[in-house]
Structure formats: C-alpha cells, structure tokens
Undergrad: 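Could you have a look at this structure, given as structure tokens, before my questions?
Just so it is clear, the structure is predicted and the values come from calculations on it, not from any experiment. Atoms within each ligand, like the ligands themselves, are counted from 1 in listed order.
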Amino acid sequence: MARRKLVAGNWKMNTTLLEAVALAKAVAQGAAASNAEVAVFPPFTWLAAVGEALRSSSVALGGQDVSSEQKGAFTGEVSPAMLTETGCKYALIGHSERRHILGESDATINNKLHAALDVGLHVVLCVGETRPEREKDGMKERVFERQIFAGLAGVTANQMAKVVIAYEPVWAIGTGLTATPEQAQDAHKFIRGKLSQLHGETIGAATILLYGGSVTADTAAGLFAQPDVDGGLVGGASLKADAFLKIIAAAG
Ligand code: PGA
C-alpha cells in the first residue's frame, strides 16, 4: 500500500510573530513542488497569521495541542473548533513534552483525540519510550502498546483515516541523538502491527507513521527510506527554512 509521506514541523514555544510568518512563507514557497504533504505547527498565538501566510499554498496548519473540551469555563485552553476555525487541519496530541513535563495521562490524551476527531480535525498522536524504558528488555513494546491502545481507545475504523501516529523516542527529542533507521523501523513495524491488531491489516497498512526525535537534513533520508517510516515530525530543524526544506526534499 503506497502511503504519502508527511513532513511536519513542530515549532514548539519558538519564533516571534515576524519569524513565524517569514518561516511559513519560506516553507510554502520551497515545498510547493514536493510530493510529500507538509504541515507546520506554530504556537497558538501565531496560528492565524501563519495560516494567512500559507493561504493558497499546499502546506497544512496544525495546533500543537488541543483541549479535550469543546467550550466553556476552561481558562487557557483552546478548543478543537477554535483550531478548525483558524484553518487548522491537524492537532498534535500526546507530545512527550506534554506527557512528561506537563503530566498528561493516556486518558487525557484519548479525550483530546476524540474531541479533535469529533470536529473533523486530523490528529497526530505521539508515542515513544524514555531511555530507561528502552534499556529494559521488552519494556518499550509494552509502552508502545499501552500508549497506542489507550490513546486510540474508542476510535472507529472510519476515524483512523484521520489519525497519524508519530513515534518519538523521548531520549531522542531535542537531544541530538537520533534513533538509527533500524531502531525506527523496528518500532514502526511493531506499532503498525498493533494498529492491525486493533483495526485490521488494511487500516494498519494505510496509517501514516512518522518518526520524530532530532531529525536533521543528514539523517532524514536514511530514516524515510525505511519501509514503515512515512515521514517525520521535526522540532529543532523545522525552525530554519533551509534545513526543513532539505528534510522535505528527503521525503521525495
Ligand atoms: P526535535 O523535536 O526534532 O527537536 O528532537 C521533535 C519533536 O519533539 O517533535
């Protein structure tokens, strides 16, 4: 099954407004000829301006997080409908920084996923093991299984068409340590197997699986060449247009 590659830039809590708009314009221009889908995830406050900068380009917009609630007295939260109204296609859910720094549980992540899917957003669900979990025999697989099964609980087969999974080993995020192509492939194959177990082989084979964790212009091609790696979720290297465009080019 041929899956289209996706390269997503997670800008995290970086960029000024001017930097964000300039970066978006450069990405839109440089990615115009790419066969891969390209998406950017700016800070919430810049979504409207970046959306404007991306207008009439093929680059998709996403929110770095989303509320599990649709509206009401939830100070500081951003609802799924607010993301769609701002032009977002995607919501990033369960990023390791939210799991490990902000304490989000699998149950919270599952609630956010449903809230986002309910308004028609596509979601990128992040999963991945910490260093101690990788070092303990059989542990990382248990982590993947738990995060996938709990994160996707109650998601229907039809909704899976809007679900992307990002495998992001926590030890590789922002550390300069990239998983080897073989480590990424092993994890992706295992995760695809779990998706097949949940929803059958056709959906398992059709779901886009991204690798994330210190992806650079130098490591992207080797990672993206793996049979179960369908692109990348890029943090640091997505903040410079030239580096990000090289990663997009590596996706074809
Ligand atoms: P990084 O971040 O590329 O800077 O490691 C990836 C991510 O956290 O999505």
Undergrad: Distance under 4.0 Å to a non-hydrogen atom of L233: what atoms of ligand 1 satisfy this?
TA: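 Those of ligand 1 that fall under 4.0 Å from L233 are 6 (C), 9 (O).
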Undergrad: Identify the protein heavy atom lying closest to atom 2 (O) of ligand 1, giving its residue, its atom name and the separation to 0.1 Å.
TA: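 Scanning the protein heavy atoms, the shortest distance from atom 2 (O) of ligand 1 goes to K12 NZ, 3.2 Å.
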Undergrad: In ligand 1, which numbered atoms sit nearer than 4.0 Å to a non-hydrogen atom of H95?
TA: 7 (C), 8 (O), 9 (O)
Undergrad: Do other residues, nucleotides or ligands put more than 12 heavy atoms under 6.0 Å from the CZ atom of R146?
TA: yes
Undergrad: With a 4.0 Å cut-off on N to O distance, would you call K89 and E37 a salt bridge?
TA: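 Salt bridge present between K89 and E37.
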Undergrad: So for A172, does at least one of its heavy atoms come nearer than 4.0 angstrom to any atom of ligand 1?
TA: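 Flag set, A172 near ligand 1.
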Undergrad: Count the heavy atoms belonging to other residues, nucleotides or ligands that lie under 6.0 Å from CD of Q70, then report whether that count exceeds 12.
TA: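 Count over threshold, so yes.
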Undergrad: Tell me, which protein residue and heavy-atom name are nearest atom 4 (O) of ligand 1, and how many Å apart are they?
TA: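 Answer for atom 4 (O) of ligand 1: G236 N, 2.8 Å.
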Undergrad: Of all the non-hydrogen atoms in the protein, which one sits nearest to atom 9 (O) of ligand 1, and at what distance?
TA: E168 OE2, 2.8 Å
Undergrad: What atoms of ligand 1 come closer than 4.0 angstrom to any heavy atom of S214?
TA: 1 (P), 3 (O), 5 (O)
Undergrad: Can you tell me which residue and heavy atom of the protein come closest to atom 6 (C) of ligand 1, and the distance to 0.1 Å?
TA: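 Protein heavy atom with the smallest distance to atom 6 (C) of ligand 1: G235 N, 3.4 Å.
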Undergrad: Which ligand 1 atoms, with their elements, are less than 4.0 angstrom from a heavy-atom of G174?
TA: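 Listed by number with element, the hits are 1 (P), 4 (O), 5 (O).
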Undergrad: Identify the residue among Q147, Q183, E129 that makes a side-chain hydrogen bond (donor to acceptor under 3.5 Å, both in side chains) with Y167.
TA: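 Passing option: E129.
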Undergrad: More than 12 foreign heavy atoms under 6.0 Å from CD of E85: is that the case here?
TA: no
Undergrad: Is the contact between N10 and ligand 1 made by the side chain, the backbone, both, or neither, using heavy atoms and a 4.0 Å cut-off?
TA: side chain
Undergrad: For the pair R142 and E133, find out whether any cationic side-chain nitrogen is under 4.0 Å from an anionic carboxylate oxygen.
TA: no
Undergrad: Does the distance from a Lys or Arg side-chain N to an Asp or Glu carboxylate O, for K112 and D65, drop under 4.0 Å?
TA: yes
Undergrad: Does D228 come within less than 4.0 Å of K189, counting only side-chain N to carboxylate O?
TA: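 The answer is no: the pair does not qualify as a salt bridge.
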Undergrad: Short list, please: which atoms of ligand 1 are under 4.0 Å from a heavy atom of G213?
TA: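 Listed by number with element: 5 (O).
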